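Values in this document were obtained by computation on a predicted structure and should not be read as measured data.
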Amino acid sequence: MAMGTLPHALVIPYPAQGHVIPLMELSHCLLDHGFMITFVNTEFNHSRMVASLQKTGGDNERIRLVAIPDGLAPGEDRNEVGKLCDSALSFMPSALEELIGRIDKSNDGNITCVIADASMAWALEVGRKMGIRGAALWPASVGLLAQIFNIPKLIEDSIIDANGYPSKHQMIKLSPTMPMMNTEHLSWLCINDNNVQQSLFRYANHINRALESADWLLCNSFHEIEQSAFELVPNILPIGPLLAGRRLGRLEGNFWREDSTCLSWLDKQPACSVIYVAFGSFTVFDQCQFQELALGLELSGHPFLWVVRPDLMDGSSDAYPDGFKERVVDRSLIVGWSPQQKVLAHPSIGCFLSHCGWNSTMEGLSNGVPFLCWPYFTDQFLNKAYISDVWKVGLGFIPDGNGIIPREEIKGKLDELLGDDGIRARSSELKEMARKQVGEGGSSLKNFNSFIEAMKLEKGWVY
Ligand code: UDP
């Protein structure tokens with residue numbers, strides 16, 4: 001087939017690690033079906049991703065990595081989500097339009113569809129304006145999307161006001177069968193700053209509006225684990241779990257260089273013995289809680305693999321308790337960034353001490369690994385409720401009166417979790433359930449195939 005006749009998808013994730021990884025996996029799935037892929041990062045994330053690339057061969061060269069500016073100044077903090085969201089709405093649409101125009105004029109083959117992270121739903125509007133069909137992938141739980149879609153109803157029921165603030169702090173349920181949630185944990189309130197909250201609320205309302213017109217809305221989930229949320233978002237098409245990292249030689253989209261030494265270290269540990277400790281790409285610890293965690297892991301006596309990102313700590317560079325590293329050297333490994341999906345698939349892993357980001361949740365679930373839940377913000381509290389109360393594949397912690405999770409609590413819950421055969425058995429059942437969705441005849445695979453057929457149509461939608 002000549003270059004110009006291949007379906008050519010422009011894939012654009014929200015500029016954060018937990019969004020780039022699932023969108024990259026979706027790109028690989030499209031590549032397997034004969035698509036050309038242009039993957040659009042912000043310039044900032046593009047440089048991080050390219051810097052952390054390892055020469056693995058495989059598909060790395062087949063996905064074209066391109067970048068657009070995010071509209072922020074060079075030294076600005078990209079973890080300031082409010083600013084990033086404002087800039088995504090005001091600056092990035094014109095940058096994307098320009099990029100598509102440039103690609104279409106080049107010899108690389110016109111863009112035939114835009115596949116946007118649902119958190120970048122404005123990109124669908126750009127595509128629509130240019131006559132290009134589009135689809136969105138929601139990379140978090142359907143439960144979180146239900147929360148966002150329910151904003152008008154939450155206002156109507158006076159649970160929140162027109163600016164997104166709760167009328168009072170209370171536990172609510174979006175539907176009788178959804179888990180309870182604290183109004184303080186509504187996703188736009190995750191950062192304790194009025195301006196940020198207002199930016200996030202504006203952004204959530206934008207997503208709400210822009211997704212109304214999406215022709216396809218996919219998600220990285222499946223019916224069996226979120227029945228009641230799917231009832232609240234009936235038009236969404238589950239294609240999960242999306243798991244890229246276990247396939248050798250595939251570009252995963254990491255912002256940090258993976259330290260693969262942990263896989264050979266895991267090879268030397270007994271089956272189901274190791275506690276894997278990782279808090280995703282965003283979580284930040286203060287020194288006091290970090291030290292309690294270290295001492296809790298030490299006190300537990302179990303082997304552990306701990307991901308301590310270079311920016312995990314708030315401030316101090318050497319925050320470990322005195323002598324800690326020497327005392328645990330024989331039964332621990334600390335790395336800056338792990339090949340997490342391969343780690344979770346390793347038979348030595350006994351449990352996952354996790355911040356419960358949705359990707360981590362799906363990865364743990366798909367590998368049958370029991371969870372110890374340590375949510376940090378946004379949807380992680382809902383994901384924790386799924387894990388511990390709905391699926392019953394994990395436990396949570398009880399903080400002390402100062403809001404700190406003490407070392408004895410960490411040791412106690414680790415012992416309880418590792419000794420709980422019921423949790424282990426349910427974890428295995430869910431693993432099988434997850435695998436079935438994406439295997440031959442599975443519902444996620446069927447959904448994905450129908451989506452592919454539609455995206456391969458030669459003509460764009462008629463608006
Ligand atoms: N991850 C990884 N290595 C690490 C820690 C995390 O590859 O050491 C990956 C993990 O597999 C997941 C993503 O980073 O795919 C984190 O996404 P998640 O939704 O769990 O959390 P977020 O970073 O968005 O808070």
Side-chain angles (χ1 to χ4, degrees), residues 245 254 256-357 360 363-364 367-374 376 394-397 404-420 423-424 427:
N254 289 308
W256 291 271
R257 193 175 272 263
E258 282 178 355
D259 184 341
S260 300
T261 55
C262 49
L263 296 174
S264 44
W265 182 81
L266 282 172
D267 287 343
K268 297 186 200 108
Q269 310 304 318
C272 293
S273 69
V274 175
I275 304 158
Y276 174 57
V277 188
F279 298 93
S281 59
F282 223 83
T283 314
V284 174
F285 273 78
D286 67 27
Q287 172 131 8
C288 174
Q289 185 61 85
F290 182 82
Q291 295 212 342
E292 268 321 291
L293 171 56
L295 295 170
L297 291 171
E298 180 181 354
L299 191 65
S300 79
H302 299 289
F304 61 90
L305 169 60
W306 186 6
V307 179
V308 180
R309 272 188 352 257
D311 57 352
L312 181 74
M313 282 298 301
D314 202 3
S316 163
S317 58
D318 192 12
Y320 295 95
D322 275 348
F324 165 78
K325 281 189 169 173
E326 294 73 32
R327 293 195 300 275
V328 296
V329 68
D330 291 338
R331 61 176 172 90
S332 69
L333 187 67
I334 297 175
V335 295
W337 190 252
S338 79
Q340 177 163 304
Q341 297 189 29
K342 294 186 189 78
V343 165
L344 286 169
H346 197 285
S348 296
I349 296 296
C351 71
F352 185 9
L353 203 173
S354 169
H355 73 311
C356 308
S360 295
E363 290 159 9
N367 286 295
V369 179
F371 288 85
L372 260 185
C373 304
W374 192 315
Y376 170 65
L395 301 172
F397 290 113
I404 294 283
I405 299 173
R407 66 195 81 166
E408 297 79 11
E409 169 71 4
I410 296 169
K411 175 192 164 23
K413 286 286 161 59
L414 277 170
D415 289 345
E416 189 181 336
L417 183 71
L418 291 169
D420 191 322
I423 287 185
R424 185 156 292 282
S427 303

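Of the inter-residue distances, the one linking Leu395 atom CG with Phe371 atom CZ reads 12.0 Å to the nearest 0.5 angstrom. Here the NZ-SG distance, from Lys342 to Cys262, works out to 10.0 Å after rounding to the nearest 0.5 Å. Taking CZ of Arg407 as the reference point, atom CG of Leu295 lies at 4.5 Å (rounded to 0.5 Å). Distance SG/Cys351 to CG/Leu372: 5.5 Å, rounded to 0.5 Å. Note that OH of Tyr376 and CZ of Phe279 are 11.5 Å apart. Values are rounded to the nearest 0.5 Å.
When every heavy atom of Pro370 is checked against every heavy atom of Leu417, the shortest pair comes out as CB-CD1, 4.0 Å. For the residue pair Leu305 and Val274, the shortest heavy atom distance occurs at N-CG1, 3.8 Å. Between Arg309 and Gly280, the shortest heavy-atom distance links the atoms NH1-O, 2.8 Å. Nearest heavy atoms, Tyr276 versus Ser338: OH-OG, 2.7 Å. Residues Gln340 and Ser360 share a closest heavy-atom pair of NE2-OG, 3.1 Å. Annotation for Phe397 and Cys373: closest pair CD1-O, 3.4 Å, computed over non-hydrogen atoms.
Side-chain atoms of Gln341 never come within 3.5 Å of backbone atoms of Glu363 as a donor-acceptor pair (strictly under, hydrogens ignored). The backbone N or O of Ile423 sits less than 3.5 Å from a side-chain atom of Ser427, completing a donor-acceptor pair. Of the possible polar contacts, one joining the Ser348 side chain to the Leu266 backbone as a donor-acceptor pair under 3.5 Å is found. Of the possible polar contacts, none joining the Glu292 side chain to the Cys288 backbone as a donor-acceptor pair under 3.5 Å is found. Of the possible donor and acceptor atoms, none in the side chain of Arg257 sits under 3.5 Å from a partner among the backbone N and O of Gly336.
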Please assess Phe352 against Asn367 for the test side chain to side chain contact (heavy atoms under 4.5 Å, CB included), listing each intermediate value before the final yes or no.
-> CA-CA 11 Å; Phe352 185 9; Asn367 286 295; over 6 Å; no
Run the numbers on Asp415 and His302 for side chain to side chain contact (heavy atoms under 4.5 Å, CB included), then give the verdict.
-> CA-CA 9 Å; Asp415 289 345; His302 299 289; 3.2 Å; yes
Run the side chain to side chain contact (heavy atoms under 4.5 Å, CB included) check on Trp374 and Thr283 step by step: do they pass?
-> CA-CA 10 Å; Trp374 192 315; Thr283 314; over 6 Å; no
Candidate pair Leu312 and Val284, rule side chain to side chain contact (heavy atoms under 4.5 Å, CB included), full reasoning | CA-CA 5 Å; Leu312 181 74; Val284 174; over 6 Å; no
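Between the side chains of His346 and Asp267, at least one donor N or O sits under 3.5 Å from an acceptor N or O.
For the pairing with Trp306, the ring pair (Phe, Tyr, Trp, His ring centres under 6.0 Å) check across Phe290, Trp337, Trp265 returns one residue only, Phe290.
A side-chain hydrogen bond (donor to acceptor under 3.5 Å, both in side chains) check over residues 325-334, counting only residues at least two apart or in different chains, returns the pairs Glu298-Arg327.
Annotation: side-chain contact (heavy atoms from CB on, under 4.5 Å) contacts of Pro347 (sequence neighbours excluded): none.
Within the 4.5 Å cutoff, the side chain of Leu414 has heavy atoms near those of the Ile275 side chain. Leu353 has its side chain within reach of Leu293: a pair of non-hydrogen atoms, C-beta onward, lies under 4.5 Å apart. Ile410 has its side chain within reach of Ile405: a pair of non-hydrogen atoms, C-beta onward, lies under 4.5 Å apart.
The pair Arg424-Asp420 does not meet the salt-bridge criterion, since no charged nitrogen lies less than 4.0 angstrom from a carboxylate oxygen.
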